[in-house]
Amino acid sequence: MPELPEVEVVRRGLSTWVSGRTFDAVDVAHPRAVRRHGAGPADFAGRLAGRRAESAERRGKYLWLPLDSGDALVGHLGMSGQLLVQPAQAPDETHLRVRFTFTDGGRQLRFVDQRTFGGLAVEPMLADGVPASVAHIARDPLDPQFDDTAFAVALRRRRTGIKRALLDQTLISGVGNIYADEALWRSRLHYARATETMTKPAAALLLAQVRAVMSQALAQGGTSFDALYVNVNGESGYFDRSLDAYGQVGEPCARCGTPIRREAFMNRSSFFCPRCQPRPRAPRL
DNA sequence: CTATGAACCTGACAGC
DNA sequence: TGCTGTCAGGTTCATA
């Protein structure tokens, strides 16, 4: 679900409402939510109790709270995960997986996840400032240290389609199905455009569109089609009203009026304008 | 290295 | 009403 803008909305909420507080009790209601924590739920809870969250960080779609122990509480929301800040008396959510209380007795942090593709773990921080499970992820396009030139070079070395490359979190992180389709629409690129034909200027233009659509979405609180994608206070963003391609099958293209088409791709969907984004002569999937 | 499909889950929705 | 099939913002692993 959530892609970079939605995860960043959550990070900001954690920074405001959780950073600086000390964990007290941690109740794991569904062990699957901490399956990436190899030592099990009890160890997970034990490594958090009494530890202070120093800040809230993000790379791509991964979130983490560095702790005063040198570890970090790492989370990925998967398709349906939410991190909510709730009063203690708020009724339990149907899909409440982990509840965190704090020594200050204030609002709880709750990990709620319908489909349980998301997960939490406590891991050591590595020397380069990220937790172990985040080390294989590339920097994201909103990271000041993202290397545009290196991205263009790496992209050209690939032998695949442009959308597949955008979704590869080891090449560029934070881009998911929505923002890939939106950035490609803005760039007038078909999803099967061969990466080896992407010149340096073309890569720069695409990157600029990725950043533009993500920044605009972030300014509107992210994209929510339903109550699944919300900030820590349960509020939805409204960038869905600004989508030009994703989910717009049959709707007229905002540029040329041609109906937006949907095609199956990578076990999911691609939405594009068949006129503005014509299929290349030598497509790559 | 690249591509494909399946797996991991629950729920909403369309159609019969 | 209820059943079946399809689809959903993601990641990972096994197989060609």
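Each chain gets a letter, A, B and so on, in the order its sequence line appears, and its residues count up from 1. On a predicted model such as this, the values are computed, not experimentally measured, just so you know.
- Counting to the nearest Å, the P atom of C:dG10 and the CD1 atom of A:Ile178 are 7 Å from each other.
- Within 4.0 Å (heavy atoms only), A:Thr223 reaches at least one base atom of the nucleic acid.
- Rounded to whole Å, atom C1' of B:dT4 lies 16 Å from atom NZ of A:Lys163.
- Contact check, A:His95 against B:dG11: a side-chain N or O comes under 4.0 Å of OP1 or OP2.
- By the 5.5 angstrom centroid cut-off and the 30-degree plane limit, A:Phe117 is classified as stacked against the base of B:dC8.
- Under the 30°/60° scheme for interplanar angles, the aromatic rings of A:Tyr191 and A:Phe272 are found to stand perpendicular.
- The separation between A:Arg284 atom CZ and B:dA3 atom C1' is 11 Å, rounded to whole Å.
- Within the 4.0 angstrom heavy-atom criterion, no nucleotide atom of any strand lies near A:Phe265.
- For C:dT12, the OP1/OP2 oxygens have a side-chain nitrogen or oxygen of A:His136 closer than 4.0 Å.
- Note: CD (A:Glu93) to C1' (B:dT10) measures 16 Å, nearest angstrom.
- Counted by atom type alone, A:Ser133 and A:Glu123 present one or more donor-acceptor pairs between their side chains at under 3.5 Å.
- Comparing the P positions of B:dC9 and C:dC3 gives a spacing of 23 Å, expressed to the nearest Å.
- Among the heavy atoms of the strands lying under 4.0 Å from A:Arg32 are primed sugar atoms or P, OP1, OP2 only; no base atom is included.
- Within the structure, a side-chain polar atom (N or O) of A:Thr160 is placed less than 4.0 Å from OP1 or OP2 of B:dA3.
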Could you write out DNA chain C as dot-bracket? Rules: Watson-Crick or G-U wobble, both distances under 3.5 Å, brackets [ ] for crossings, | for pairs with another strand, dot for unpaired. .|||||||.|||||||

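- Contact check on A:Glu57 versus A:Arg59 returns no salt bridge, with no Lys/Arg side-chain nitrogen under 4.0 Å from an Asp/Glu carboxylate oxygen.
- The nearest whole Å value for the distance from the CG atom in A:Leu167 to the P atom in C:dT11 is 9 Å.
- Of the charged side-chain nitrogens involved, at least one lies within less than 4.0 Å of a carboxylate oxygen, so that A:Arg99 and A:Asp92 count as a salt-bridged pair.
- Side-chain N/O atoms of A:Ser269 include one lying less than 4.0 angstrom from OP1 or OP2 on C:dA8.
- A salt bridge links A:Asp43 to A:Arg47: at least one charged side-chain nitrogen sits closer than 4.0 Å to a carboxylate oxygen.
- When distances are taken from the side chain of A:Arg158 to each of B:dC9, C:dT11, B:dT2, the shortest belongs to B:dT2.
- Here the straight-line distance linking atom CG of A:Asp24 with atom CG of A:Leu48 works out to 11.0 Å at 0.5 Å rounding.
- Contact annotation: A:Arg164 side-chain N/O to B:dT4 OP1/OP2 distance is under 4.0 Å.
- The line from CG of A:Leu189 to CE of A:Met198 is 5.0 Å long, rounded to the nearest 0.5 Å.
- Atom-to-atom, CE of A:Met266 to P of C:dC7 comes out at 16 Å; the value is rounded to the nearest Å.
- Residue A:Arg36 contributes atom CZ, which lies 13 Å from atom P of C:dG10 at whole-angstrom precision.
- Evaluation of atom-type donor-acceptor distances gives a pair under 3.5 Å for the side chain of A:Arg115 against the base of C:dA8.
- Remark: the separation of the P atoms in B:dC1 and C:dG10 is 24 Å, to the nearest Å.
- Below the 3.5 angstrom threshold, one finds a donor paired with an acceptor across the side chain of A:Asn267 and the base of B:dA6.
- The closest side-chain donor-acceptor pair between A:Glu93 and A:Gln86 falls under 3.5 angstrom.
- Across all strands shown, A:Arg35 has no heavy atoms under 4.0 Å from either base or sugar-phosphate atoms.
- Across the protein-nucleic acid pair, A:Leu155 atom CG and B:dC1 atom P stand 16 Å apart, rounded to whole Å.
- In this structure, A:Arg268 does not pair ionically with A:Asp181, as no charged nitrogen and carboxylate oxygen lie closer than 4.0 Å.
- Of the candidate nucleotides C:dA8, B:dC9, B:dT2, C:dA8 has the atom lying nearest to any side-chain atom of A:Arg262.
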